[in-house]
Amino acid sequence: MKIQMVHPSTKDIRSLTTEFDWSAFLSVFVFGVPHFLRGLHVHGGIIIALNLFSLTPLMMPLDDKGLTVTLLAYLGLFVGVAVAFGVKGSEQYAKALLARGYLFQNPEGELAQAARTKWSIAA
């Protein structure tokens, strides 16, 4: 379900979903750019660090089999982090928006109440 959040002074409206966040999922594979654009700098920093860390096997003296196993392990790590960010992405974005002064567009509406319940956000 789509949720609208609005900033009271600028009237800027942001849309987010309570479902799987594909932007957060894919950001792991594009150096965290969507997280930085959303203002989630810590999450973007984690992704940058993960990307830099993934370069270490290329500097190790590994044979072809060792390099393949290591790169597959890193791929598994990336996919795991991507799934975790996809599952929790909208929640983290909503909490960041609330911290920046955004409010639910229809705070008493059924969608806002469901989102608050799902994300454990006080009314």
Side-chain angles (χ1 to χ4, degrees):
M1 64 185 144
K2 285 275 190 190
I3 303 292
Q4 301 280 327
M5 297 185 78
V6 62
H7 195 277
S9 60
T10 65
K11 304 300 181 208
D12 179 38
I13 297 175
R14 302 290 171 105
S15 294
L16 55 149
T17 180
T18 59
E19 307 301 323
F20 191 84
D21 188 351
W22 286 100
S23 296
F25 173 83
L26 294 173
S27 73
V28 174
F29 304 102
V30 291
F31 308 107
V33 172
H35 279 91
F36 286 112
L37 294 175
R38 289 178 167 186
L40 299 169
H41 303 294
V42 172
H43 294 85
I46 290 169
I47 295 169
I48 293 289
L50 183 63
N51 278 283
L52 291 174
F53 184 65
S54 71
L55 297 175
T56 56
L58 301 176
M59 295 178 257
M60 294 179 181
L62 297 171
D63 61 352
D64 287 343
K65 184 179 179 182
L67 185 61
T68 302
V69 169
T70 304
L71 291 177
L72 285 174
Y74 277 108
L75 179 62
L77 178 64
F78 269 83
V79 170
V81 170
V83 168
F85 278 12
V87 169
K88 294 298 247 179
S90 292
E91 176 183 348
Q92 296 303 319
Y93 186 37
K95 288 179 179 180
L97 288 174
L98 289 169
R100 286 188 268 164
Y102 282 77
L103 302 170
F104 288 99
Q105 191 170 29
N106 183 8
E108 303 304 321
E110 184 179 319
L111 294 177
Q113 295 297 333
R116 280 194 181 110
T117 301
K118 182 174 182 174
W119 297 330
S120 302
I121 295 173

Crowding at CG, D63 (>12 non-hydrogen neighbours, <6.0 Å) =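 Atom CG in D63 is packed in, count exceeds 12.
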If you count the non-hydrogen atoms of other residues, nucleotides and ligands that lie under 6.0 Å from CZ in F36, is the total more than 12?
->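 Enclosed: over 12 neighbouring heavy atoms sit under 6.0 Å from CZ of F36.
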Salt bridge present between D21 and R38 (N-O < 4.0 angstrom) =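 Judged by the 4.0 Å cut-off on N to carboxylate O distance, D21 and R38 do form a salt bridge.
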Starting at [atom1] of [X], measure out to [atom2] of [Y] and round the result to the nearest 0.5 Å.
| X | Y | atom1 | atom2 | value |
| --- | --- | --- | --- | --- |
| T56 | Y74 | OG1 | OH | 3.0 Å |
| L111 | Q4 | CG | CD | 10.0 Å |
| S54 | F78 | OG | CZ | 4.0 Å |
| Y93 | S15 | OH | OG | 9.0 Å |
| M60 | T70 | CE | OG1 | 6.5 Å |
| L71 | L75 | CG | CG | 9.0 Å |

Heavy-atom distance under 4.5 Å between the side chains of L26 and P34, does that happen here?
->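 They are not in side-chain contact.
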Going only through I, L, V, M, F, W and Y residues with side-chain contacts under 4.5 Å, is there a path from F25 to L50?
->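 Both belong to a single hydrophobic cluster.
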How are the rings of W119 and F104 set to each other: parallel, tilted or perpendicular (split at 30° and 60°)?
->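 It falls in the parallel class, under 30°.
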Indicate yes or no for a side-chain donor-acceptor contact from E91 to the backbone of T18 under 3.5 Å, with no hydrogens or angles considered.
->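 Answer holds: no.
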Quick check: does any side chain N or O of H43 sit under 3.5 Å from a backbone N or O of G89, one acting as donor and the other as acceptor?
->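 Flag not set: sc H43 to bb G89 has no pair under 3.5 Å.
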